[in-house]
Amino acid sequence: MAVAAAFAPGSLLPTTPSTHLAPFTLRFRFSLLPRRAAVVAAAATLREVCAGRVPDHVLQRAEEVGYVVPTEVQEQSLPLLLSGQDCILHAQTGSGKTLAYLLSVFSAIDFSRSSVQALVVVPTRELGMQVTKVARLLAAKACTVMALLDGGMLKRQKSWVKAEPPAVIVATVASLCQMVERRAFSLQSMRVLVIDEVDFIFGSSKQVSSLRKILTSYSAASSRQTIFASASIPQHNRFLHDCVQHKWTKSDVVHVHVHPVQPMPSHLCHKYVICTKKERLHVLLSLLERDAPKSGIIFVAEQSERSKKAGNPPSTTVVAEFLRNAYKGSLDVLLLEEDMNFNARAASFSSREEDSCWFQQT
């Protein structure tokens, strides 16, 4: 899916410097390939940084796919992570946080033991799919990595978990809580807990109470290593204080904050438009008509409770219907909603790679 075409580097948009979020924002996320040794110059290799604390077969798999030289966040965090320290990994998207915490996971688990020893919690199914793919690649069948990402599969997965507990579970908050509450497995033997995109989960009214249960009720911070990862943590000093005060982490938790030398990859151009709420749909339409992207993703805010009680349609539906009626070019408009079946969401991504516009509720 070519999303970069949505904004040409030379395009002009009315912008105003501001320290707060604009009322209307278009955001795009990219999956970056593993960094090769020629891309980043570092004094030590990834194998040297891990210093024998990560199983050799895991490091060998990492090297085979191109993870040879550590990124800056890996170089700073791995010595702490591999010593069992609780950490908050705070660095931009594509900086290598996922590999850092997965190496820590595989350094901590006992491959010969049949129990849930590591848990990676993610806010969305799509991110869960990405993390699961990397985890399975690194594990190389030495242990089981299970993904709990869709409610429709949980009944079948419950029997699988009981029959042969996986060493590593990657799960969305809702799916995980359902399984734990149904006593499909226990988290008492968990050695490592990772919360990816922690700021996103804490910012979701639907997920925050369940996340707190995971952090405090289902296991204790004193008996596990806790790792939080995020590209953006507003008021991170306050967040660090809350981690200790609410016992989400141990008191000696370390904040690893890597400031990007380059805020975004050089081939991307990030711009925004400030407008009123009434103007947003028409501004979106004018951007699409001007740039005529082959494909793109539009993030739409979650519908408010007040709007739901008034009987209004979901925000995603409003935007999608507006574009279907107003956009004159060739454009398929596809919805990606939280309650959609997992296979339906995956099919939406694979059905059309060009001339498509996806809507994701955030």
Side-chain angles (χ1 to χ4, degrees), residues 81 84-89 101-102 104-105 108-110 113-125 127-128 131-132 135 144-151 153-155 157-162 165-230 233 235-236 238-255 302 305 338-339:
L81 292 172
Q85 187 88 38
D86 285 4
C87 282
I88 299 172
L89 306 183
Y101 68 62
L102 285 178
S104 182
V105 163
I109 66 174
D110 181 350
R113 189 178 174 188
S114 180
S115 63
V116 178
Q117 301 173 62
L119 175 64
V120 181
V121 180
V122 294
T124 64
R125 296 160 181 156
L127 178 58
V131 173
T132 302
T144 305
V145 178
M146 177 174 281
L148 302 177
L149 305 174
D150 183 67
M153 289 284 290
L154 292 184
K155 188 175 181 180
Q157 289 173 322
K158 182 179 178 181
S159 60
W160 294 344
V161 170
K162 285 190 172 182
V168 181
I169 288 179
V170 180
T172 55
V173 175
S175 295
L176 174 67
C177 288
Q178 283 186 52
M179 292 290 271
V180 174
E181 287 167 1
R182 293 175 185 176
R183 298 183 180 180
F185 58 86
S186 169
L187 297 179
Q188 296 304 311
S189 60
M190 180 174 60
R191 298 183 179 186
V192 184
L193 170 64
V194 180
I195 310 291
D196 205 344
E197 293 200 12
V198 64
D199 61 319
F200 186 95
I201 300 179
F202 268 114
S204 169
S205 58
K206 290 183 178 179
Q207 300 187 75
V208 65
S209 60
S210 297
L211 175 61
R212 286 180 176 143
K213 280 186 181 179
I214 296 167
L215 290 169
T216 57
S217 300
Y218 299 144
S219 68
S222 59
S223 63
R224 66 173 192 251
Q225 179 184 23
T226 306
I227 305 168
F228 292 149
S230 177
I233 302 179
Q235 299 181 324
H236 56 263
R238 176 68 186 178
F239 180 72
L240 193 67
H241 173 268
D242 287 346
C243 287
V244 177
Q245 287 295 108
H246 296 294
K247 297 182 179 179
W248 300 332
T249 65
K250 301 183 188 74
S251 59
D252 59 350
V253 60
V254 178
H255 180 211
E302 184 178 345
E305 290 300 321
E338 185 177 3
D339 296 330

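Just so it is clear, the values below take in all heavy atoms, side chains as well, and ignore hydrogens, waters and symmetry mates.
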Quiz prompt | Trace of the side-chain contact (heavy atoms from CB on, under 4.5 Å) decision for Phe185 with Met190 | solution = CA-CA 11 Å; Phe185 58 86; Met190 180 174 60; over 6 Å; no
Got [X] and [Y] here, is their nearest side-chain heavy-atom distance under 4.5 Å?
X: Glu197; Y: Val122; result: no
X: Thr216; Y: His246; result: no
X: Gln85; Y: Val253; result: no
X: Thr226; Y: Lys250; result: no
X: Ile233; Y: Phe228; result: no
X: Val198; Y: Trp248; result: no
X: Ile195; Y: Ile201; result: yes
X: Arg125; Y: Thr172; result: yes

[atom1] of [X] to [atom2] of [Y]: how many Å apart, nearest 0.5 Å?
X: Tyr218; Y: Cys177; atom1: OH; atom2: SG; result: 4.5 Å
X: Leu187; Y: Ser219; atom1: CG; atom2: OG; result: 6.0 Å
X: Arg183; Y: Glu181; atom1: CZ; atom2: CD; result: 10.5 Å
X: Ser217; Y: Arg212; atom1: OG; atom2: CZ; result: 11.5 Å
X: Ser251; Y: Gln245; atom1: OG; atom2: CD; result: 10.5 Å
X: Thr124; Y: Leu149; atom1: OG1; atom2: CG; result: 9.0 Å

Exercise. Identify, with sequence neighbours excluded, every residue that meets side chain to side chain contact (heavy atoms under 4.5 Å, CB included) alongside His255.
Key: Ile88, His90, His236, Leu240, His257
Practice problem: Give me the ring orientation class for Phe239 and Phe202: parallel if the planes are under 30° apart, tilted from 30 to 60°, perpendicular past 60°. | Solution: perpendicular
Self-check item: side-chain contact (heavy atoms from CB on, under 4.5 Å) assessment of Leu148 paired with Met146
Solution: CA-CA 7 Å; Leu148 302 177; Met146 177 174 281; 3.8 Å; yes
Taking all heavy atoms of [X] and all of [Y], pick out the closest pair and write down the distance.
X: Val116; Y: Ser186; answer: CB-O, 4.2 Å
X: Ser230; Y: Asp199; answer: OG-OD1, 2.6 Å
X: Leu193; Y: Arg224; answer: CD2-NE, 3.6 Å
X: Gln225; Y: Ser104; answer: OE1-OG, 3.2 Å

Self-check item: Ile227 and Val192: CA distance, side-chain angles, deciding distance, side-chain contact (heavy atoms from CB on, under 4.5 Å) verdict
Solution: CA-CA 8 Å; Ile227 305 168; Val192 184; 4.0 Å; yes
Practice problem: Verify the distance criterion only: is there a donor paired with an acceptor across the side chains of Gln178 and Arg182 at less than 3.5 Å? | Solution: yes
Quiz item: Going by atom types alone, do Ser189 and Gln117 pair a side-chain donor with an acceptor below 3.5 Å?
Solution: no
Practice problem: Before giving the answer on side-chain contact (heavy atoms from CB on, under 4.5 Å), spell out for Val168 and Val105 the whole-Å C-alpha distance, their side-chain angles and the decisive distance to 0.1 Å. | Solution: CA-CA 8 Å; Val168 181; Val105 163; 4.0 Å; yes
